[in-house]
Amino acid sequence: MTPSAHRRPRTVLAMEPRVRDALFDAAARRRLTAVAATDPAVAVRDFTAPEHAAALAGAEALLTGSGCPPLTESALERMPRLRTVVHAAGSVKHHVTDACWQRGITVASAAAANALPVAEYTVAAVLFAGKRVLDAQRAYRERRGRVDAPALLAGAGNFRRTVGVVGASRVGRRVIELLRPYDLRVLLYDPYVTGEEAARLGVRAVDLDELARAGDVVTLHAPELPGTRHLFDRARLALMPDGATLVNTARGSLVDTEALTRELVAGRLSAVLDVTEPEVPPAGSPLYDLPNVLLTPHVAGSLGNELGRLAHTALDELERYGHGLPYAGPVRPGDLPRSA
């Protein structure tokens with residue numbers, strides 16, 4: 001970048017105040033005011049609020065996060081100078097509308113930065129599944145003494161296990177990249193990825209049923225779309241081999257929860273579930289207590305100090321905009337039908 005060419009676009013933060021506070025520590029706020037003309041104390045949650053009218057009328061850029069209202073035609077009429085939206089999180093589907101594209105507004109997202117912790121969580125889940133950590137933990141808890149691990153975990157381990165990755169999304173590709181150093185066989189299902197592209201990724205492209213049959217661990221990274229609902233239904237779950245593990249860090253709707261619960265209660269499969277359908281299982285759900293299930297409350301994405309990565313990724317994009325450079329993580333209208 002050429003510092004002399006930089007200008008500070010007039011920018012408004014549109015997100016929940018608690019999200020702003022979590023994203024921007026003191027250092028990030030200093031950088032924010034260095035790259036953009038903005039008041040970091042203001043976080044807009046309502047585009048119709050009179051107290052924000054002047055700031056929105058002059059805004060060239062919106063820096064958005066969770067809690068940003070939809071950018072409808074009526075909302076955009078209040079922002080006649082708006083030229084770009086930079087999202088300090090993943091999906092923009094909740095607030096970027098067709099009206100944005102019709103006005104020629106450019107959009108960037110920190111989705112690539114948010115993909116990293118999800119991929120890290122997934123790789124940990126894959127390796128723990130191969131090592132049968134849940135079985136070992138349960139046996140140790142019950143015995144409260146020496147466990148014959150070689151007998152208990154005969155056949156466990158991550159040497160030449162087969163991992164099936166469903167979806168070459170940002171997260172799916174990062175999972176493939178992070179699994180590369182391990183002695184694993186990785187299969188990929190993605191209807192938009194050719195065999196040649198899969199080979200370049202270092203994996204083998206297969207159809208979904210073959211992946212389900214072959215995977216010691218199957219990990220889901222497909223978007224939530226009408227065509228992906230219950231991608232793993234009763235029939236496809238039945239294809240998975242006894243003792244296999246299903247990992248879901250994507251969307252709960254990709255799995256028929258009732259069918260999966262039956263398989264888990266029977267003890268035929270194991271699961272690592274960071275998302276479910278419904279998002280919070282009912283209090284009486286067996287998923288909370290089954291020994292072959294690791295259930296977490298949607299924590300795979302950016303949390304805690306990982307939010308700083310999102311903030312600085314978004315600020316990188318604002319800085320590029322100020323220099324007249326293309327975005328590193330642009331979002332285009334054609335991306336949305338196939339993205340999370």
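Taken from NE2 in His221 to CD1 in Ile176, the straight-line distance is 8.5 Å, to the nearest 0.5 Å. Atom CD of residue Glu142 and atom CD of residue Gln137 lie 9.5 Å apart, to the nearest 0.5 angstrom. The line from OG1 of Thr97 to CG of Leu71 is 6.0 Å long, rounded to the nearest 0.5 Å. Between Leu325 atom CG and Glu317 atom CD the span is 10.5 Å, to the nearest 0.5 Å. The distance from the CG atom of Leu273 to the OG1 atom of Thr296 is 8.0 Å, given to the nearest 0.5 Å. Here Asp256 contributes atom CG and Glu263 contributes atom CD; the two are 10.5 Å apart, rounded to the nearest 0.5 Å.
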Inset, instruction - Run the numbers on Leu310 and Leu23 for side chain to side chain contact (heavy atoms under 4.5 Å, CB included), then give the verdict. - result: CA-CA 7 Å; Leu310 298 184; Leu23 282 168; 4.0 Å; yes
Inset, instruction - Applying side chain to side chain contact (heavy atoms under 4.5 Å, CB included), run through Glu177 and Val123 and close with a yes or a no. - result: CA-CA 10 Å; Glu177 178 186 342; Val123 169; over 6 Å; no
Legend entry - Val96/Thr64 under side chain to side chain contact (heavy atoms under 4.5 Å, CB included): CA gap, chis, key distance, verdict: CA-CA 10 Å; Val96 171; Thr64 62; over 6 Å; no
Inset, instruction - Take Asp46 and His52 through the test side chain to side chain contact (heavy atoms under 4.5 Å, CB included) and record every step on the way to the result. - result: CA-CA 8 Å; Asp46 180 0; His52 299 315; 5.7 Å; no
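A pairwise comparison of heavy atoms in Leu32 and Leu318 identifies CD1-CD1, 4.4 Å as the closest pair. When every heavy atom of Leu307 is checked against every heavy atom of Ala22, the shortest pair comes out as CD1-CB, 3.6 Å. Residues Val12 and Ala59 come closest through the heavy atom pair CG2-CB, 3.8 Å. Across every non-hydrogen atom of Pro281 and Leu287, the tightest pair is CG-CD1, 4.4 Å. A pairwise comparison of heavy atoms in Leu184 and Leu127 identifies CD1-CD2, 4.5 Å as the closest pair. Annotation for Ala28 and His312: closest pair CB-NE2, 4.0 Å, computed over non-hydrogen atoms.
At least one donor-acceptor pair under 3.5 Å links the side chain of Glu306 to the backbone N or O of Leu303. Under a 3.5 Å cut-off, the side chain of Asp183 and the backbone N or O of Arg160 do not form any donor-acceptor pair. Between the side chain of Thr162 and the backbone N or O of Val217, no donor-acceptor pair lies under 3.5 Å. Judged by distance alone, with hydrogens and angles left aside, the side-chain atoms of Thr11 form no donor-acceptor pair with the main-chain N or O of Thr38 at under 3.5 Å. The main-chain N or O of Met240 is found under 3.5 Å from a side-chain atom of Arg268 such that the two form a donor-acceptor pair. Judged by distance alone, the side chain of Asn248 and the main-chain N or O of Arg251 form a donor-acceptor pair under 3.5 Å. Without hydrogens or angle criteria, Glu224 side chain to Ser253 main chain gives no donor-acceptor distance under 3.5 Å. No donor-acceptor distance shorter than 3.5 angstrom exists from the side chain of Arg10 to the backbone of Glu60, with no hydrogens or angles considered. Side chain of Ser109 to backbone of Gly90: a donor-acceptor contact under 3.5 angstrom is found. Looking at Arg20, its side chain does come within 3.5 Å of a backbone N or O of Ala41 through a donor-acceptor pair.
At a threshold of 4.5 Å between side-chain heavy atoms, the hydrophobic network of Ile, Leu, Val, Met, Phe, Trp and Tyr places Leu231 and Leu264 in one connected group. Note: the hydrophobic cluster containing Val126 also contains Leu294 (ILVMFWY, side chain heavy atoms under 4.5 Å, direct or indirect links). Val86 and Phe24 fall within a single hydrophobic cluster, where Ile, Leu, Val, Met, Phe, Trp and Tyr side chains are chained together by heavy-atom contacts under 4.5 Å. In the hydrophobic clustering of ILVMFWY residues, with side-chain heavy atoms under 4.5 Å counting as a link, Leu134 and Val265 come out apart. Clustering ILVMFWY residues whenever any of their side-chain heavy atoms sit less than 4.5 angstrom apart, transitively, puts Leu211 in a cluster other than the one holding Leu188.
Taking the side chain as every heavy atom from C-beta outward, Val255 and Leu220 approach each other to under 4.5 Å. For the pair Thr245/Asp216, no side-chain contact is recorded, criterion being any heavy-atom separation below 4.5 Å from C-beta on. Residues Arg174 and Leu116 form a side-chain contact, since some pair of their non-hydrogen atoms from C-beta on lies under 4.5 Å apart. Side-chain contact between Glu77 and Glu73: present, with at least one pair of heavy atoms (C-beta onward) separated by less than 4.5 Å. A 4.5 Å side-chain heavy-atom check between Asp274 and Tyr121 finds at least one atom pair inside the cut-off. Side-chain contact check for Phe47 versus Cys68: some heavy-atom pair is nearer than 4.5 Å. For the pair Arg78/Thr48, a side-chain contact is recorded, criterion being any heavy-atom separation below 4.5 Å from C-beta on. Annotation: side chain of Cys100 is in contact with side chain of Leu76 (closest heavy-atom distance under 4.5 Å).
No more than 12 heavy-atom neighbours from other residues, nucleotides or ligands sit within 6.0 angstrom of CZ on Arg234. Dense packing is recorded around CZ of Arg103, with more than 12 heavy atoms of other residues, nucleotides or ligands lying under 6.0 Å away. Taking a 6.0 Å sphere around CZ of Arg143, one finds it holds 12 or fewer heavy atoms contributed by other residues, nucleotides or ligands. The local environment of CD in Glu258 is sparse, with at most 12 non-hydrogen atoms from other residues, nucleotides or ligands closer than 6.0 Å. For Tyr182, the OH atom sits in a loose shell: 12 or fewer heavy atoms of surrounding residues, nucleotides or ligands are nearer than 6.0 Å. Within a 6.0 Å sphere centred on OH of Tyr288, heavy atoms belonging to other residues, nucleotides or ligands number more than 12.
Aromatic ring orientation, His87 versus His95: tilted (interplanar angle from 30° to 60°).
Here Arg30 does not pair with Asp25 in a salt bridge; the nearest charged N to carboxylate O distance is not below 4.0 Å. Asp21 has no carboxylate O lying under 4.0 Å from a charged side-chain N of Arg18, or vice versa, which leaves the two without a salt bridge.
Side-chain contact annotation: Thr106 with Tyr321, donor-acceptor N/O pair under 3.5 Å absent.
Applying the salt bridge (charged side-chain N to carboxylate O under 4.0 Å, His left out) test between Arg204 and each of Glu197, Glu210, Glu196 identifies Glu210 as the sole match.
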